[in-house]
Amino acid sequence: DTTTDLAAARSFTEPAGGAPHPHVQLARLADAAFEKHSKLSKARVLNVGCGAGRAALELTATWPEVMGSDFTARVLQPAYAMIERGIAAFSVVNSKGEREQVVALGKDYPDWNATRERAKFYQSDPANLHAHMTAFDMVVAFDINAKVTTYNPAAIAPHLLSRAKAGGLVMFVEPATDAVVPVATVLESLEGKCEVVAEPATVDFFVSQLDQNESAVTPFSVVVVRKL
């Protein structure tokens, strides 16, 4: 399945030239934001739009309980395989335009291999999460407004905020140029329900393109709010 392969490739192949992996970068941004702005203890974090799970797996190194969710069920298959067996197999397009198999092994990721079973993954609409997906100390939402990830995009931000604890953080990370719901609109939808603790800033992510064998620097808008 090309959709599953692309999600796995984005999670478990490293950018060329030593560039930072975007999902590792996301997890580090989330941890830094929590340390700087939260008044809560680290207990429970949700990664929305998790794809094949790399950022969620990275977060298991610093959080006792991690949930990842994605609107598309099949992209979660590599995440399930990794937490259960410590291996995820997928195919990529090589420089000759041919597909070749790649096997990612948990043991090659020492930062989180020993903690990977802290992660749980669920298919869920980000505007209507499962009932048990609540009371989070932090919600990390990555690239969820730039594509079709729900039947009601405008409802995503308020719904995610409702699933955070009082005083919990929500970090929105959206493409700076083509988000269906721009960060400014996100903040308008949350007015009176939260305080902005980190004003919108632009951060470059080295994101894989659809053909899997090319990547490009993509600017994302990042904002962090704290639930009242």
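For the numbers below, each heavy atom of this structure counts, side chains included, while hydrogens, waters and symmetry mates do not. Start at 1 with the first residue, then count along the sequence. All of these numbers come straight from a predicted model, not from anything done at the bench.
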Working to the nearest 0.5 angstrom, can you tell me the gap between [X] [atom1] and [Y] [atom2]?
X    : Y    : atom1 : atom2 : answer
L46  : M67  : CG    : CE    : 7.5 Å
E100 : F90  : CD    : CZ    : 10.0 Å
L26  : L59  : CG    : CG    : 7.0 Å
K227 : L40  : NZ    : CG    : 11.0 Å
C50  : Q123 : SG    : CD    : 10.5 Å
D31  : K36  : CG    : NZ    : 14.5 Å

What are the two closest heavy atoms between [X] and [Y], and how far apart are they?
X    : Y    : value
I83  : A119 : CD1-O, 3.5 Å
P126 : L129 : CA-CD2, 4.0 Å
A7   : A52  : O-CB, 3.4 Å
Q25  : P20  : OE1-CG, 4.2 Å
Y109 : A104 : OH-CB, 4.3 Å
N47  : A55  : OD1-CB, 3.6 Å

Would you check if [X] and [Y] make a side-chain contact, meaning some heavy-atom pair closer than 4.5 Å?
X    : Y    : answer
V48  : I156 : no
R226 : C194 : no
M82  : L57  : yes
T4   : P78  : yes
V203 : L29  : yes
V197 : E195 : yes
V196 : V223 : yes
R74  : T72  : yes

Within 6.0 Å of CD in E191, more than 12 heavy atoms from elsewhere: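 At most 12 heavy atoms, drawn from other residues, nucleotides or ligands, come within 6.0 Å of this atom.
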Pair F172, V225 - check side chain to side chain contact (heavy atoms under 4.5 Å, CB included), show working. CA-CA 8 Å; F172 297 97; V225 301; 4.3 Å; yes
Within residues 46-62 or reaching into it, pairs that qualify as salt bridge (charged side-chain N to carboxylate O under 4.0 Å, His left out) - sequence neighbours excluded: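 Residue pairs passing salt bridge (charged side-chain N to carboxylate O under 4.0 Å, His left out), neighbours aside: E14-R54, R28-E58, R54-E58.
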How would you list, by chain and number, every residue that makes a ring-ring contact (aromatic ring centres under 6.0 Å, His included) with F205, sequence neighbours excluded?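 Expected list: F142, F220.
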Sequence neighbours excluded, which residues qualify as ring-ring contact (aromatic ring centres under 6.0 Å, His included) partners of H37?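 If we apply the ring-ring contact (aromatic ring centres under 6.0 Å, His included) test to H37, skipping adjacent residues, there are no hits.
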With distance as the sole test, does [X] use its side chain to make a donor-acceptor pair with the main-chain N or O of [Y] at under 3.5 Å?
X    : Y    : result
H21  : S11  : yes
D70  : G51  : yes
E84  : A79  : no
E174 : I144 : yes

Among all residues two or more places apart in sequence or in another chain, which pass the side-chain hydrogen bond (donor to acceptor under 3.5 Å, both in side chains) test with S38?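 Here no residue qualifies.
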E35 bridged to K42 by N-O distance under 4.0 Å: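 Yes, this pair counts.
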Modelled atom types, side-chain donor and acceptor of T115 and T60, under 3.5 Å: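 Present: a donor and an acceptor within the cut-off.
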Between the side chains of S91 and R99, does any donor sit under 3.5 Å from an acceptor?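 The answer is yes; a qualifying pair exists.
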Determine all donor-acceptor pairs shorter than 3.5 Å in which one atom belongs to a side chain in residues 183-190; sequence neighbours excluded.
unit_1: S189; atom_1: OG; unit_2: V186; atom_2: O; d: 2.6

Can you get from [X] to [Y] by hopping between Ile, Leu, Val, Met, Phe, Trp and Tyr side chains that sit under 4.5 Å apart?
X    : Y    : result
L105 : V92  : no
V102 : V24  : no
L228 : L160 : no

Measure the acute angle between the ring planes of F12 and W112, then classify it against the limits of 30° and 60° as parallel, tilted or perpendicular.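 Tilted, since the angle between the ring planes falls between 30° and 60°.
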With a 3.5 Å cut-off and sequence neighbours excluded, list the donor-acceptor pairs that the side chains of residues 132-140 form with protein atoms.
unit_1: D137; atom_1: OD1; unit_2: K165; atom_2: NZ; d: 3.0
unit_1: D137; atom_1: OD2; unit_2: A43; atom_2: N; d: 3.3
unit_1: D137; atom_1: OD2; unit_2: R44; atom_2: N; d: 2.9

